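Heavy-atom basis, side chains included; hydrogens, waters and symmetry copies ignored. Nothing here was measured: the structure is a model prediction, and the numbers come from that model. The chains referred to below are lettered A, B, ... by the order of the sequence lines, with proteins before strands, and numbering in each begins at 1.
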Number of protein chains: 2
Amino acid sequence: MSVHVSERSVRRLSLYRRFLLHAQASGSCYLFSHDIATATRTSAAQVRRDLMAISSSGTASRGYHVADLLKSISHFLDAPAPQHVALIGLGNLGRAVFAYFVGRHPNLRITLTFDIDPAKTCRLINGCPCHNIHELNDLCPTHGIRMAILTVPATEAQTVTDMLVRGGIRGIVNFAPVTLYVPVGVFVETMDFSISLETAAFFSRA
Amino acid sequence: MSVHVSERSVRRLSLYRRFLLHAQASGSCYLFSHDIATATRTSAAQVRRDLMAISSSGTASRGYHVADLLKSISHFLDAPAPQHVALIGLGNLGRAVFAYFVGRHPNLRITLTFDIDPAKTCRLINGCPCHNIHELNDLCPTHGIRMAILTVPATEAQTVTDMLVRGGIRGIVNFAPVTLYVPVGVFVETMDFSISLETAAFFSRA
DNA sequence: GCCTGTGAAGCTATTCACAGCT
DNA sequence: AGCTGTGAATAGCTTCACAGGC
């Protein structure tokens with residue numbers, strides 16, 4: 001089991017799951033690899049490879065059983081119990097992310113939020129207490145939080161990242177347009193609008 | 001010239017540029033490939049390869065001249081004149097994107113915005129007129145717009161994409177968590193928070 | 001006939017390693 | 001000594017193509 005699944009595959013599996021949930025909601029019971037491929041802009045062979053990697057299987061006649069597939073993708077992607085997530089920075093972006101988050105990720109829970117601004121701390125934001133950023137070091141370990149969403153200004157991002165790493169965080173979704181320095185073993189995913197924009201601008205003229 | 005530069009390289013070049021602008025602002029005049037590599041989380045060899053691809057060069061003794069490098073990266077990445085960009089969907093997200101955009105991308109300009117909500121159309125948003133989405137087909141070609149940012153609800157994203165494609169758009173930055181179907185030749189970059197979140201969640205436990 | 005599962009092939013991206021230069 | 005530029009090697013990813021099954 002667990003024969004190393006690449007980052008690319010993990011991302012695609014997440015996409016497959018989202019599509020499968022939609023398909024299931026609209027009544028699909030079985031799907032072929034090429035259906036999943038079309039819906040996620042990849043190839044049928046790629047879908048079969050990815051599913052093979054998590055040892056899912058289908059039948060030649062009917063393809064993949066949607067409910068079973070969902071179960072096995074979720075078994076692979078999700079932690080056994082919901083993962084707790086910290087949200088750092090409650091400006092416009094942080095609150096928007098929180099709002100978007102709610103109801104969409106049943107297996108992930110924002111359980112702690114942090115900000116530097118005393119006006120925001122010690123209040124409930126969406127029913128979740130907001131702490132001062134300096135409590136981060138103590139609170140993250142005691143709440144078993146291994147993952148954080150970073151919505152602080154670019155100038156603060158590295159400082160906060162260092163605190164997160166000291167607090168034992170192993171995965172960061174970073175919204176600040178900066179490269180974060182982290183030790184090996186800490187995963188950083190940067191949502192970099194500027195880079196995406198420039199890339200799209202480039203290829204829109206190619 | 002122009003010996004095919006991969007999408008990965010384009011993205012990295014955009015990152016290098018951002019770093020170089022910061023470095024220049026803090027007084028750096030020359031940098032070695034390993035400096036750029038460290039700042040952008042890649043390898044020195046990768047930096048040299050990427051710069052080679054756009055036929056920039058440095059010297060063995062001092063490395064790369066920051067100002068020259070910026071010039072040649074910008075020459076490669078940017079259009080000769082600023083590109084015009086349409087922003088579709090002026091809800092919270094669309095307005096946030098607009099606000100973020102301002103002042104950050106001198107070579108890109110949001111010149112038209114669209115929404116379906118009549119309450120939003122025919123008004124100025126950040127000094128930019130907001131049109132009804134049905135005018136998209138006419139206005140994009142006449143304004144020479146080849147690129148759009150899509151901040152509409154997921155349910156509308158494909159419909160609007162079809163309109164954009166008919167209007168001649170060749171590049172889309174999509175914020176809706178859906179796969180968009182576009183003909184070949186149209187570049188789509190999806191800012192997919194859910195997928196990024198799930199990927200980070202996965203690797204935070206690996 | 002058209003599907004899955006998968007070894008093998010092909011392709012792309014990255015890294016190695018070193019000649020040449022200062 | 002330590003850099004760049006780059007051919008060669010390697011690693012990683014995707015597609016091909018086909019045996020086996022309904």
Could you pull out every donor-acceptor pair under 3.5 Å between side chains of residues 84-91 of chain B and any protein atom, sequence neighbours left out?
from   : atom 1 : to      : atom 2 : distance (Å)
H84(B) : ND1    : T111(B) : OG1    : 3.4

How long is the line joining [atom1] of [X] and [atom2] of [N], in whole Å?
{"X": "Y64(B)", "N": "dG2(D)", "atom1": "OH", "atom2": "C1'", "answer": "14 Å"}
{"X": "F32(A)", "N": "dT4(C)", "atom1": "CZ", "atom2": "P", "answer": "6 Å"}
{"X": "L51(B)", "N": "dT6(D)", "atom1": "CG", "atom2": "C1'", "answer": "14 Å"}
{"X": "H65(A)", "N": "dT4(C)", "atom1": "NE2", "atom2": "P", "answer": "15 Å"}
{"X": "M52(A)", "N": "dC16(D)", "atom1": "CE", "atom2": "P", "answer": "17 Å"}
{"X": "D35(B)", "N": "dC3(D)", "atom1": "CG", "atom2": "C1'", "answer": "11 Å"}
{"X": "R62(B)", "N": "dT4(D)", "atom1": "CZ", "atom2": "P", "answer": "13 Å"}
{"X": "I54(A)", "N": "dT6(C)", "atom1": "CD1", "atom2": "P", "answer": "13 Å"}

Lys/Arg-Asp/Glu bridge criterion (N-O < 4.0 Å) met for R11(B), E189(B)
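Salt bridge present between R11(B) and E189(B).
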Heavy-atom pair of closest approach, residues Y100(B) and S194(A):
OH-OG, 3.3 Å
Residue-phosphate contact under 4.0 Å: [X] side-chain N/O, [N] OP1/OP2:
{"X": "S33(A)", "N": "dT4(C)", "value": "yes"}
{"X": "S57(B)", "N": "dG5(D)", "value": "yes"}
{"X": "Y30(A)", "N": "dT4(C)", "value": "no"}

Results of side chain to side chain donor-acceptor pair (under 3.5 Å) for S204(A) - residues two or more places apart only
Q83(B)
Only counting residues at least two apart or in another chain, list the ones meeting side chain to side chain donor-acceptor pair (under 3.5 Å) with Y64(B).
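Y64(B) satisfies side chain to side chain donor-acceptor pair (under 3.5 Å) with no residue once adjacent residues are dropped.
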I need the full list of salt bridge (charged side-chain N to carboxylate O under 4.0 Å, His left out) pairs touching residues 76-85 of chain A, with sequence neighbours left out, sorted by first then second residue.
R17(A)-D78(A)
Under the salt bridge (charged side-chain N to carboxylate O under 4.0 Å, His left out) rule, what pairs show up with a residue in residues 164-178 of chain B, not counting sequence neighbours?
none
Treat primed atoms plus P, OP1 and OP2 as sugar-phosphate and everything else as base, then score nucleotides 14-22 of chain C 5' to 3': B for base contact with protein heavy atoms under 4.0 Å, S for sugar-phosphate contact only, - for none.
SB-B--BB-
